[in-house]
Amino acid sequence: MVEVRYENVTKRYDNGFEAVRNLDLSISDGEFLVLLGPSGCGKSTTLRMLAGLEDVSEGNIVIGDTRVNDLPPGARGLGMVFQSYALYPHMTIAENLSFGLRMENPESRLPDEEIVKRVQDVAKLMELVDQLTKKPKQLSGGQRQRVALGRALIRRPQVLLMDEPLSNLDAELRHQMRQEIRRLHDQLGTTTVYVTHDQIEAMTLADRIVIMDKGELQQHGAPLDVYNNPENEFVRGFLCKHIDEIVDTANSLFPRE
Ligand SMILES: Nc1ncnc2c1ncn2[C@@H]1O[C@H](COP(=O)(O)OP(=O)(O)O)[C@@H](O)[C@H]1O
Ligand SMILES: [Mg+2]
């Protein structure tokens, strides 16, 4: 069981700017939580503090029973997928998948047979079995994105973190990968924190959405609850904007005579 907790967390960057203010948030075991908000509202900062890539200025971050503020990223049991998921171009897909495991210190490194087995398991899970001996440039964009996900999952993380992982994909592929990410979550049950500025993505993926603006949590709840009962004008405006966008898209697809 892993629960993740932000306890009154503030992030102040060196220049004094407060990117996240007094964040109190619990994420339950197995939950798919989406952090949603406009660009610059503090989503990535929130995620990066959990990942250990940014220091926490005030408050605590807790994973399971452990306060992790001072733990290095590698000791937190997390998997991460980012928007720019650079794969190593000269390595095969199998080598890309296993790279992190192979680079571990000798004390914590898994035996070779276990690494080979994990590559097979994750390749099956991500439908990459026939791609393992290829190089990244021989794969489609969607397959490469699946390698990036596989690379995070091969560690069997307690918590999976994703920061706008689909932003570089075209609309169709984005749609397809969204379904795949949700399917994976339903299959594996890994506690997931997913960052996006895309309302539709958030509404379709999340068990619960957390809406942020200017570093502060505005509202959280099941997607439709928040959508139907926005607690303030910001949430109302931000969630309804996507309806306008759908209408715009429809109008451009079916222009009036
Ligand atoms: N290293 C930094 N120093 C100062 N300000 C930063 C730094 N990184 C991010 N910020 C600022 O913090 C705010 C939140 O950034 P970020 O968490 O990346 O937002 P989001 O992911 O929601 O777009 C932004 O205004 C950004 O300019
Ligand atoms: Mg961001």
Side-chain angles (χ1 to χ4, degrees), residues 4-27 32-61 63 68-70 72-73 76 78-86 145 148-149 151-152 157 159-171 174 177-178 181 191-206 208-221 223 226-227 230-242 245:
V4 174
R5 275 199 324 276
Y6 289 86
E7 297 175 345
N8 220 4
V9 169
T10 290
K11 172 65 186 184
R12 201 170 298 109
Y13 280 111
D14 290 343
N15 62 4
F17 182 75
E18 283 191 355
V20 175
R21 240 184 330 272
N22 297 328
L23 178 66
D24 260 317
L25 178 66
S26 292
I27 303 156
F32 196 126
L33 184 100
V34 175
L35 296 177
L36 171 67
S39 176
C41 73
K43 306 180 294 296
S44 293
T45 303
T46 301
L47 199 74
R48 290 170 60 81
M49 285 190 286
L50 176 56
L53 302 172
E54 293 288 351
D55 291 335
V56 173
S57 310
E58 284 168 33
N60 297 315
I61 298 184
I63 302 177
V68 297
N69 289 43
D70 304 315
R76 296 187 184 200
L78 307 168
M80 284 176 262
V81 185
F82 298 105
Q83 178 177 350
S84 52
Y85 50 84
Q145 184 59 272
L149 257 168
R151 203 170 47 177
V159 185
L160 183 61
L161 308 182
M162 293 189 260
D163 193 345
E164 314 241 8
L166 307 182
S167 308
N168 287 339
L169 305 180
D170 63 41
R174 211 155 56 219
M177 283 303 298
R178 246 182 238 156
I181 287 172
T191 308
T192 300
V193 187
Y194 186 106
V195 161
T196 182
H197 64 272
D198 181 319
Q199 294 92 332
I200 295 174
E201 191 156 298
M203 302 283 285
T204 51
L205 277 172
R208 181 160 58 118
I209 54 178
V210 169
I211 300 185
M212 295 181 68
D213 185 39
K214 300 195 179 74
E216 291 184 354
L217 190 159
Q218 302 292 314
Q219 188 171 350
H220 63 100
V226 177
Y227 183 75
E231 278 170 14
N232 64 34
E233 278 315 304
F234 173 79
V235 172
R236 184 191 307 279
F238 189 68
L239 280 188
C240 290
K241 219 168 67 186
H242 86 263
E245 282 163 13

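In each ligand, atom 1 is the first atom listed, and ligand 1 is the first ligand listed.
In this structure, CG in D163 is found 3.5 Å from OG in S44, a value given to the nearest 0.5 Å. To the nearest 0.5 angstrom, L25 atom CG is 11.0 Å from R5 atom CZ.
Residue G42 places at least one N or O, backbone or side chain, under 3.5 Å from an N or O of ligand 1. Among the atoms of G40, some N or O lies under 3.5 angstrom from an N or O of ligand 1.
With 2.8 Å as the limit, S44 counts as an N, O or S neighbour of the Mg ion (ligand 2).
Not a single heavy atom of G37 sits under 4.0 Å from any atom of ligand 1.
When ring centroids are compared, Y13 and F17 stay outside the 6.0 Å threshold.
The protein heavy-atom contact nearest to atom 16 (P) of ligand 1 is T45 OG1, 3.6 Å. For atom 5 (N) of ligand 1, the closest heavy atom belonging to the protein is Y13 CD1, 3.4 Å. Looking only at protein heavy atoms, the nearest one to atom 25 (O) of ligand 1 is F17 CE2, 3.6 Å.
Residue S44 approaches ligand 1 through these ligand atoms, each under 4.0 Å from one of its heavy atoms: 17 (O), 18 (O), 20 (P), 21 (O).
With K43 contributing its side chain and P38 its backbone, the two residues share a donor-acceptor pair below 3.5 Å.
Within 6.0 Å of atom CG in D55, 12 or fewer heavy atoms from other residues, nucleotides or ligands are found, so the atom counts as exposed in its surroundings. N15 CG: more than 12 foreign heavy atoms inside a 6.0 Å radius.
In this structure, atom 13 (C) of ligand 1 has protein heavy atoms in its sub-4.0 angstrom surroundings. Inside a 4.0 Å radius of atom 27 (O) of ligand 1 there is not any protein heavy atom.
Taking 4.0 Å as the cut-off between side-chain N and carboxylate O, E58 and K11 do not count as a salt-bridged pair.
The closest non-hydrogen atom to atom 4 (C) of ligand 1, taken over D14, V195, N15, comes from N15.
Inter-residue side-chain proximity for L166 and D198 is flagged as unmet; no heavy-atom pair is nearer than 4.5 Å.
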